Structure formats: structure tokens, C-alpha cells
Amino acid sequence: MKELKNLEAIRELLAFHPIYTYDYSDGLLINKEATNIQVYSIDLEDEPFAAYISGYIITYASEEVLFENLRENIISHMDLTKGADDQYYDYSPSQVEAILFGVLQLTPEHQDYIITRLKKHLREFIQDDEQDKDMISQYTNIYNAIEKWESDHRETEIFQQLVVSELFNQLNK
């Protein structure tokens, strides 16, 4: 795994690999043997955004590779009641956010497939009264943003729910 130590390295990576996603707590499962998927850890050290971003940028060789990785995560590895060791919850919002971040780079057909299955997981979690109220609220907000996005396909509605949206907007300027 390669480390990204500054914002310039992140910019260069994203310019060279236009198909990517971001995972802040290792919630997205990546097949370690896949040669068409690369994982980069972010360690910004003394950069101004160091306190706000850490985690992983995952690059993909093609849209199809991204789709297959997201599909595999939703079908075989998504359990919203468990997940990565997130700082605040024993849940994996980073898996959901990595999938949402990636879905906007998919073809409409692939988007529909992923979104339909993701909404099913979110809906089941939201309807389970035994789950953490904060996580129900967070997933409800994401679910509602997906619903709005489906109705008008404006990606800004989804990105507003993501932790890293502001950083990536600034990096892409």
C-alpha cells in the first residue's frame, strides 16, 4: 500500500486515476489480490487538512472494476449493524459513503443496480428500532438524499451527506 503524504500527491493521483472512491475507516472490502484496484493510505502529516482527512483512496482500472467491487460489497459484505472500528460507532458508515462516492462514477444502469440494493440495506436498518438512534438518523438522512437524487439526479444532494465532500470539492479546484 502506498502512502499519500500531501495534498499535491492526492491531486496527482486523482488526475491520473479518474475512477476512485474514498474510505475513511477501512469499511470497504477490497480483494487484496486484485491487480486492477489500488489502495492508497492518506497520512497528511503537517498539511492543513491533516486533522480532517485520513483513510484510503481506492483507484480502479475501469468503471466495470469499480462496479464489481461495489456490487460485491453490497451483496456479500454489507451488514450495517457491524463494520469497521469507526471512532464513534461500531457501525460502518464509511462503507456506505465509499459506495455512494463511487456510484456517481458508474453508468446509469450500474447506478440503479447499486442504489436499489443499498437502499434496501438502509431501509432495513432504519426500520430496526433496536439500532443506535444516531445511526438511524444518519442513515435516514443518507436514504432521503438518495431518494432526492433519484428524482433529480443532482449529485450535490448526496455529497452533502458525506464527511469528505468539502475536502474533495476543494482538491478538485
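Note that this is a predicted model, so its numbers are computed, not measured.
- Residue V103 comes nearest to L70 through the heavy atom pair N-CD1, 4.0 Å, listed as atom of the first residue, atom of the second, then distance.
- In this structure, I75 is a member of the same hydrophobic cluster as L80, with clusters built from ILVMFWY side-chain heavy atoms closer than 4.5 Å.
- Closest of all the heavy-atom pairs between G27 and S94 is N-OG, 3.4 Å.
- No continuous path of ILVMFWY side-chain contacts below 4.5 Å connects L29 to L118, so the two sit in separate hydrophobic clusters.
- I126 and I136 get closest at one heavy-atom pair: O-CG2, 4.0 Å.
- When all heavy atoms of E63 and I19 are compared, the closest pair comes out as N-CD1, 3.4 Å.
- Just one residue in the list L28, I30, D23 forms a side chain to side chain contact (heavy atoms under 4.5 Å, CB included) with V39, and that residue is I30.
- Of the inter-residue distances, the one linking E97 atom CD with S25 atom OG reads 9.0 Å to the nearest 0.5 angstrom.
- What you find for M78 and I99 is that their closest heavy atoms are CE-CD1, 3.5 Å.
- A parallel orientation is assigned to the rings of F67 and H110, their planes being inclined by less than 30° (bins at 30° and 60°).
- Note: N6 CG to R11 CZ = 9.0 Å, rounded to the nearest 0.5 Å.
- Side-chain polar atoms of N69 and Y60 form a donor-acceptor pair below 3.5 angstrom.
- Considering only residues two or more places apart in sequence or on other chains, D43 meets the salt bridge (charged side-chain N to carboxylate O under 4.0 Å, His left out) condition with K5.
- Atom CD1 of I42 is separated from atom OH of Y24 by 13.0 Å, given to the nearest 0.5 angstrom.
- Here the CD atom belonging to E12 is positioned 4.5 Å from the CD atom belonging to E8, to the nearest 0.5 angstrom.
- Between I114 and R71, some side-chain heavy-atom pair lies under the 4.5 Å cut-off.
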Test Q38 against Y20 for side-chain contact (heavy atoms from CB on, under 4.5 Å), laying out the working first. CA-CA 9 Å; Q38 297 297 316; Y20 65 93; over 6 Å; no
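- No donor-acceptor contact under 3.5 angstrom links the side chains of N141 and Q138, judged on distance only.
- Between the CD1 atom of I146 and the CD atom of E150 there is a distance of 7.5 Å, given to the nearest 0.5 Å.
- Two residues are said to be in side-chain contact when any heavy atoms from C-beta on lie closer than 4.5 Å; L106 and Y113 fail this criterion.
- Under the 4.5 Å side-chain criterion, counting only non-hydrogen atoms from C-beta, L14 is not in contact with T59.
- A cation-pi contact, defined as under 6.0 Å to the ring centre and within 45° of the axis, is absent between R123 and F125.
- Rounding to the nearest 0.5 angstrom, the gap separating the CG atom in L100 from the CD1 atom in I115 is 5.5 Å.
- Within the 4.5 Å cutoff, side-chain heavy atoms of I58 are placed close to those of I37.
- Formation of a donor-acceptor pair under 3.5 Å by the E3 side chain with backbone atoms of Y40 is not found in this model.
- Contact annotation: the side chain of D128 approaches that of Q131 to within less than 4.5 Å [non-hydrogen atoms, C-beta and beyond].
- Nearest heavy atom pair, residue Q95 against residue H77, reads NE2-O, 3.6 Å.
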